[in-house]
Structures are given as structure tokens and as C-alpha cells.
Amino acid sequence: MDKFDLENLSYRQREILELVHEHSFMATDKLVEHFGVTPQTIRRDINSLTDMKLLKRFHGGASIPTSARNDSYRERQEKGSAAKQRIAKMAAEKIPDGASLFLNIGTTPEALAIELRHKKDLRIVTNNINIANLLRQNESFDVMIAGGLVRHSDGGIVGEATTDFVQQFRLDIGVIGISGIDVDGTLLDFDYQEIRSAQAIVKNSKSVFLVADSSKFGRRAMIKMGDYSDIDHMFTDQQPPEDFLEAINVSDMKLHVADS
């Protein structure tokens with residue numbers, strides 16, 4: 001956003017931008033309640049901000065604009081951190097002591113790892129150095145880490161050796177993150193090698209958990225990982241935009257939305 005954009009925004013539009021960037025997605029009814037104005041007024045503001053490419057509009061709300069490239073690891077850690085913590089707490093409640101699980105690359109799986117530190121007797125396979133380092137401190141855990149190429153950017157481990165390692169296991173739960181979700185339920189990411197590992201996790205898990213904050217709805221990425229038919233449980237922080245509910249409702253996937 002440049003100076004010219006800011007100078008041409010109303011006070012309310014600037015605050016809408018701040019709220020969307022803070023929460024990744026804001027529902028229209030929440031904005032109506034916050035500002036005490038009509039839905040039509042909020043929709044006009046969202047339309048104007050969308051025309052300036054400052055927001056992405058959905059039926060039922062707005063999110064931050066999409067990108068053809070993924071954000072840096074630091075940006076992803078900071079963006080929506082409170083939402084990721086809420087998702088992680090909710091997902092952790094569904095993972096019992098003594099379970100075996102895959103934990104994939106991503107800042108939301110890492111947030112889940114933090115919530116799992118006080119569980120007992122978990123057996124974890126991961127291709128994420130950060131997760132392995134977090135969970136090795138619990139002496140009741142068995143933590144196994146995949147071999148492969150370590151990415152400098154985020155500590156993710158990728159490559160053919162990583163996929164081969166994952167395929168040796170059959171575990172109770174596979175936890176994956178994702179970079180984008182299309183309106184028809186297609187799950188999208190940026191890195192082909194990372195997707196191969198995620199697909200192996202899906203294939204070799206009895207139950208698959210997708211942990212994805214609300215900014216992922218409508219975010220574009222170039223490579224298809226799978227779709228809702230691959231997922232048993234999706235955990236997110238806000239009710240998905242209306243456009244996305246049809247594909248969710250006709251799928252067998254169970255949607256879990258964290259409490260505010």
C-alpha cells in the first residue's frame with residue numbers, strides 16, 4: 001500500500017484494512033457490528049478497497065490480497081499468530097495421549113506442536129526441524145525426523161528422500177498445513193517438493209487434520225496438493241466465506257471453527 005492509497009481512504013476504510021490485516025479475514029457482519037453502520041455501507045467500503053487491490057472480496061467478508069509467491073517464514077509466523085494459536089489449541093484437544101502422528105511443514109503445524117508439548121507418549125514423525133526441536137524436550141515422546149534437503153528459509157525438509165521416509169509409516173493422524181484453498185475445495189501450495197511430502201502424509205494417515213487459518217480461503221498458489229476428499233477434519237479460526245461453504249457442506253470433511 002503506498003502513500004497515495006492511504007491519502008484517498010476514509011478513516012473507516014483505513015480501520016477496515018487494519019482489522020483485516022490483523023485477523024486475515026473479517027466477516028461483513030462483524031464489521032457492521034464494529035462500526036455501527038449498515039451492511040450496504042461496509043460492502044461499499046470493501047468494494048472500493050478491492051478495486052484498489054488492497055483487499056480481496058468474498059460473499060460474507062474480505063481477506064488480505066492473494067499472492068503468486070509465498071510470504072517469508074518470519075512474515076508467516078507473525079501473520080495471524082493469535083488465530084493460529086486458537087486453531088492449535090482446538091486441534092490439540094483431538095489428539096489423545098499415546099497417539100502416533102505426522103506433523104508437516106508450516107507455521108500452523110508448529111503452533112500445534114507447541115500445544116502438544118504437555119501430552120504424553122506421542123510418537124511423532126516430522127519433516128520440520130522446528131517441530132522436532134520443540135517436541136524432543138518431552139522425554140515421553142518418540143520423535144523421528146525425515147532426511148532430505150533442509151530449506152534455509154524455514155527449516156522444512158523436502159525432497160525424494162523425505163517422501164520415501166514418510167511412506168515407511170502408517171500413523172493414526174496426519175497434520176498438514178496449506179498455503180491456499182480454492183472455492184471448490186482444491187488445496188494449493190507453492191512448492192512441488194513440499195506437496196509430494198504432504199501427499200505421502202495424507203496417504204499414510206488413518207485420519208488427516210488440515211490446520212488452516214482463514215486467510216487461506218481464496219489465496220492463490222500454483223500447485224494442487226489435493227482437495228477436501230483427502231481431509232477428515234479441517235480446523236480454522238473463523239467461519240469460512242459463504243462462497244466456500246457449498247463445497248465444504250457436500251464433502252465428508254468435518255469443519256471445526258475455533259471460539260473467538
Side-chain angles (χ1 to χ4, degrees), residues 73 76-148 150-151 154-158 162-163 165-179 187 194 197-214 216 225-226 228 230-238 252-260:
Y73 176 66
R76 284 182 283 133
Q77 273 191 316
E78 294 173 353
K79 187 183 296 181
S81 58
K84 292 172 184 177
Q85 290 171 4
R86 289 162 49 215
I87 293 167
K89 287 180 183 293
M90 177 174 54
E93 293 175 358
K94 304 293 185 182
I95 298 175
D97 292 340
S100 62
L101 62 152
F102 293 107
L103 287 170
N104 195 25
I105 299 169
T107 53
T108 312
E110 286 179 24
L112 176 56
I114 293 172
E115 296 298 324
L116 293 175
R117 287 180 299 177
H118 304 298
K119 296 278 187 177
K120 296 179 181 178
D121 303 319
L122 296 182
R123 291 161 290 161
I124 300 116
V125 175
T126 186
N127 59 332
N128 186 323
I129 283 179
N130 304 314
I131 285 176
N133 196 42
L134 280 167
L135 297 182
R136 68 176 176 81
Q137 300 171 52
N138 185 320
E139 295 183 359
S140 77
F141 289 178
D142 290 329
V143 181
M144 290 163 277
I145 190 164
V150 181
R151 294 197 304 213
D154 61 0
I157 304 172
V158 296
T162 310
T163 303
F165 182 82
V166 168
Q167 289 175 337
Q168 296 179 61
F169 298 89
R170 175 69 171 169
L171 303 186
D172 297 326
I173 299 168
V175 179
I176 63 170
I178 202 68
S179 293
L187 307 176
E194 182 177 341
S197 299
Q199 289 171 334
I201 288 173
V202 168
K203 182 179 178 181
N204 292 284
S205 300
K206 296 176 184 175
S207 182
V208 179
F209 288 9
L210 173 64
V211 289
D213 67 81
S214 52
K216 304 303 190 298
M225 195 288 293
Y228 290 151
D230 299 305
I231 307 301
D232 297 293
H233 298 270
M234 177 165 67
F235 299 86
T236 190
D237 60 298
Q238 293 189 42
D252 292 328
M253 177 185 71
K254 185 171 182 181
L255 175 67
H256 306 264
V257 180
D259 294 330
S260 301

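Sequence positions, counted from 1, serve as the residue numbers for this chain.
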Approximate separation, where rounding is to 0.5 Å, of [X] [atom1] and [Y] [atom2]:
X    : Y    : atom1 : atom2 : result
L187 : D230 : CG    : CG    : 7.0 Å
K216 : I178 : NZ    : CD1   : 9.5 Å
I231 : S205 : CD1   : OG    : 9.5 Å
Q167 : I201 : CD    : CD1   : 10.5 Å

Determine yes or no for a side-chain-to-main-chain donor-acceptor pair under 3.5 angstrom, with [X] supplying the side chain and [Y] the backbone.
X    : Y    : result
N127 : V158 : no
S100 : D172 : yes
Q137 : N133 : yes
D237 : S214 : yes
R117 : I114 : yes

Minimum heavy-atom distance [X]-[Y], with the two atoms named:
X    : Y    : value
A111 : K84  : CB-O, 3.9 Å
K120 : D97  : N-OD1, 3.0 Å
G155 : V150 : CA-CG1, 4.3 Å
T162 : S197 : CG2-OG, 3.6 Å
F141 : L135 : CD1-O, 3.5 Å
I87  : T236 : CG1-C, 3.6 Å

Considering only heavy atoms from C-beta outward, does the side chain of [X] approach that of [Y] to under 4.5 Å?
X    : Y    : result
F209 : I95  : yes
R151 : I105 : yes
M225 : I176 : yes
E110 : N128 : yes

Checklist line | H256 and its side-chain hydrogen bond (donor to acceptor under 3.5 Å, both in side chains) partner, picked from H233, E93, K94 | finding: H233
Margin query: Are there over 12 heavy-atom neighbours, none belonging to K89, within less than 6.0 Å of that residue's NZ?
Written below: no
Notebook entry, point to check: With a cut-off of 6.0 Å (strictly less than), are more than 12 heavy atoms of other residues, nucleotides or ligands near CG of D252?
Noted result: no
Check: In this structure, which one of L122, L134, V211, I124 forms a side-chain contact (heavy atoms from CB on, under 4.5 Å) with L103?
Finding: I124
Next item on the list: Among T126, N204, V175, find the residue that satisfies the side-chain contact (heavy atoms from CB on, under 4.5 Å) test when tested with F102.
Entry: N204
Item checked: Pair V125-F165, side chain to side chain contact (heavy atoms under 4.5 Å, CB included): steps then yes or no -> CA-CA 9 Å; V125 175; F165 182 82; 3.7 Å; yes
